[in-house]
Amino acid sequence: MKDNFYWYWICNIKGLWTAGIKSLLDYFQSPKNVFDAEADELANAIKYLRRPDKNLLENILYSKDINRIIREYSNLEERGISFISQDDDLYPDKFKNIKDRPYSFYLKGNIHVYEKLLNNPSVAIVGARECTNYGLSMAKKIGFDLAAHGVNIISGMARGIDSSGLYGCINAGGIGVGILGCGVDVCYPRENIELYEEISRSGILMSEYPMGTPPNAWQFPLRNRMISALADIVLVVEARKKSGSLITVEYANEQGRDVMAIPGRVSDKLSEGCNKVIRDGGGIVTCTKDILEALYLVNYYKKDDCEEGSKDKKGNITLEKEIESLYSIVDLIPKSSSEIARESGLSIEKVMAGLIKLQMMGYVEEPSKNQYMKKI
């Protein structure tokens with residue numbers, strides 16, 4: 001068998017995870033040597049594993065079915081899934097020098113864009129699952145703007161901020177990368193099936209876990225090290241003080257990656273994590289240009305990337321003056337019609353008529369009753 005077959009074999013032994021693989025490789029030096037080892041030698045090596053599965057020796061011996069391995073490995077290709085080991089030419093350089101790097105991983109998606117993923121700048125957009133409409137809008141806008149400048153967008157594809165950043169990327173025709181805490185053939189959460197299928201077509205789904213692995217809770221913090229390692233910058237949009245996003249930040253700091261965050265109000269729980277990142281030395285993001293500058297892509301910056309105020313055009317359609325003035329007051333944070341009337345100086349009747357028109361034109365949305373915000 002070729003080396004990749006041996007890697008596939010050792011990475012699919014039931015009850016043997018990354019730490020166990022490392023211990024066996026330290027002892028035997030290569031997956032092939034582990035495969036060729038006799039039962040008594042394997043039993044001796046397993047003694048050095050920390051809390052090994054009681055059935056591990058039996059599992060290793062049972063798994064040495066060459067025909068089954070070849071059959072499973074060949075089946076991956078038929079399903080459009082690639083298996084990449086650390087000895088493979090396609091293994092990312094960004095993974096090679098990180099602590100606890102994955103020995104292998106699976107790719108599902110458009111393999112033709114994988115080279116762009118390795119060579120183009122990448123930003124991980126992470127944040128809270130239970131987030132605000134403002135956070136969703138910011139993640140989507142930044143994901144769109146960065147992708148429009150040729151930047152890959154990476155996330156764990158969780159609901160909320162992670163998904164919104166990827167949707168923005170897809171809308172701009174960019175390369176979205178979802179790094180999963182389950183097998184690449186498993187969509188989690190199930191509500192993201194549309195996003196999962198879209199990334200399968202135009203981007204890359206990646207996981208170090210064997211096919212069919214369910215979304216066990218302990219797997220998600222560990223996969224975050226892959227998110228940060230593959231990114232040049234980790235951007236936190238909204239996060240609580242103790243969250244999975246800050247685990248990704250910790251990995252990024254260990255790996256020497258840049259970390260940035262969108263600041264928030266000090267009274268907001270979802271701003272505590274972002275403000276902590278900034279307090280600890282992370283970069284402040286107020287618009288896309290801040291990230292492009294950090295990536296040394298400022299020459300590609302377009303003037304309107306940081307303009308969140310009045311816009312006289314959207315989709316190349318000029319807005320009427322009064323409607324334009326109203327649109328400039330609507331923000332990414334929802335406002336009531338009475339607030340908008342007070343700030344604009346217009347009557348509530350004119351405000352409502354203007355908001356309805358802006359909604360019909362696709363510029364404004366009503367996320368909750370009588371609350372209006374810009375639609376990204």
Side-chain angles (χ1 to χ4, degrees), residues 125 127-148 153 155 158-174 176 189 191-195 197-198 237-238 262-265 268 270-271 285-289 302-376:
I125 298 179
R129 290 175 172 81
E130 305 301 326
C131 54
T132 66
N133 287 313
Y134 168 74
L136 290 174
S137 297
M138 288 301 296
K140 190 174 183 180
K141 174 174 172 50
I142 290 175
F144 182 97
D145 290 345
L146 289 174
I153 302 300
S155 85
R159 68 172 64 92
I161 298 300
D162 286 29
S163 296
S164 193
L166 285 175
Y167 273 120
C169 171
I170 290 168
N171 290 344
E191 68 197 57
N192 272 350
I193 186 63
E194 183 180 340
L195 179 61
E197 291 178 347
E198 179 57 44
V237 176
E238 284 184 332
I262 294 177
R265 293 179 294 194
D268 290 349
L270 284 170
S271 296
V285 171
T286 58
C287 63
T288 308
K289 184 184 176 185
K302 295 181 292 187
K303 183 180 178 182
D304 62 354
D305 279 341
C306 281
E307 294 180 358
E308 296 295 346
S310 174
K311 298 180 182 179
D312 64 354
K313 287 184 180 182
K314 186 168 183 177
N316 298 319
I317 300 174
T318 304
L319 300 177
E320 299 169 15
K321 189 172 181 179
E322 195 169 82
I323 295 295
E324 174 193 341
S325 175
L326 189 62
Y327 179 70
S328 70
I329 293 171
V330 181
D331 206 341
L332 289 174
I333 297 176
K335 292 180 180 180
S336 67
S337 56
S338 57
E339 286 181 275
I340 296 170
R342 186 169 60 251
E343 292 181 33
S344 66
L346 299 172
S347 67
I348 192 68
E349 290 80 10
K350 283 189 174 182
V351 166
M352 290 307 301
L355 289 172
I356 291 171
K357 187 170 185 178
L358 286 167
Q359 281 182 283
M360 292 175 66
M361 296 170 74
Y363 296 179
V364 166
E365 60 183 329
E366 187 180 9
S368 58
K369 183 69 173 176
N370 197 37
Q371 295 289 315
Y372 300 89
M373 62 181 288
K374 287 181 178 177
K375 188 173 183 178
I376 301 300

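Computed from a predicted model, the values in this text were never measured in an experiment.
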Applying side-chain contact (heavy atoms from CB on, under 4.5 Å) to Tyr134 and Asp268, what does each step give before you reach the verdict?
CA-CA 12 Å; Tyr134 168 74; Asp268 290 349; over 6 Å; no
Side chains of Ser336 and Asn370, donor plus acceptor under 3.5 Å:
no
Looking at Cys131 and Leu270, what are the two nearest heavy atoms and their distance?
CA-CD1, 3.9 Å
For Ile333 versus Met373, what's the shortest heavy-atom pair and its separation?
C-CB, 4.4 Å
Does the side chain of Leu326 come within less than 4.5 Å of Lys350's, by heavy atoms?
no
Closest contact, heavy atoms only, Gly264 versus Ser271
CA-OG, 3.2 Å
How long is the straight-line distance from CG of Asp162 back to CD1 of Ile125, given to the nearest 0.5 Å?
9.0 Å
Please say which of Ile153, Val285, Val237 ends up in a side chain to side chain contact (heavy atoms under 4.5 Å, CB included) with Ile142.
Val285
Hey, what do you get for CG (Asn192) to CG (Leu166), rounding to the nearest 0.5 Å?
8.5 Å
Sequence neighbours left out, what passes salt bridge (Lys or Arg N to Asp or Glu O under 4.0 Å) with Glu343? Give chain and number order.
Lys335
Quick check: are there more than 12 heavy atoms from other residues, nucleotides or ligands sitting under 6.0 Å from CD of Glu191?
yes
Provide the closest heavy-atom pair for Leu355 versus Ser337 in the form atom of the first, atom of the second, distance.
CD1-CB, 4.3 Å
When rounded to the nearest 0.5 Å, the distance separating CD1 of Ile262 from SG of Cys287 is 10.0 Å
To the nearest 0.5 Å, what is the distance between CD (Glu366) and CG (Leu358)?
12.5 Å
State, to 0.1 Å, how close Tyr167 and Glu194 come at their nearest heavy-atom pair, and which atoms those are.
OH-CB, 4.2 Å
Specify the closest pair of heavy atoms between Pro367 and Pro334, including all atoms of both residues, with the distance to one decimal.
CG-CG, 4.0 Å
Going from CG on Leu136 to CE on Met138, what distance comes out if it is rounded to the nearest 0.5 angstrom?
11.5 Å
If only atom types and distance count, is the side chain of Ser137 paired as donor or acceptor with the main-chain N or O of Asn133 below 3.5 Å?
yes
Sequence neighbours excluded, which residues qualify as side chain to side chain donor-acceptor pair (under 3.5 Å) partners of Thr132?
Glu238
Could you grab the distance from atom CE of Met352 to atom OG of Ser347, nearest 0.5 Å is fine?
11.0 Å
Given side-chain contact (heavy atoms from CB on, under 4.5 Å), test Tyr363 with Lys357 step by step and report yes or no.
CA-CA 9 Å; Tyr363 296 179; Lys357 187 170 185 178; over 6 Å; no
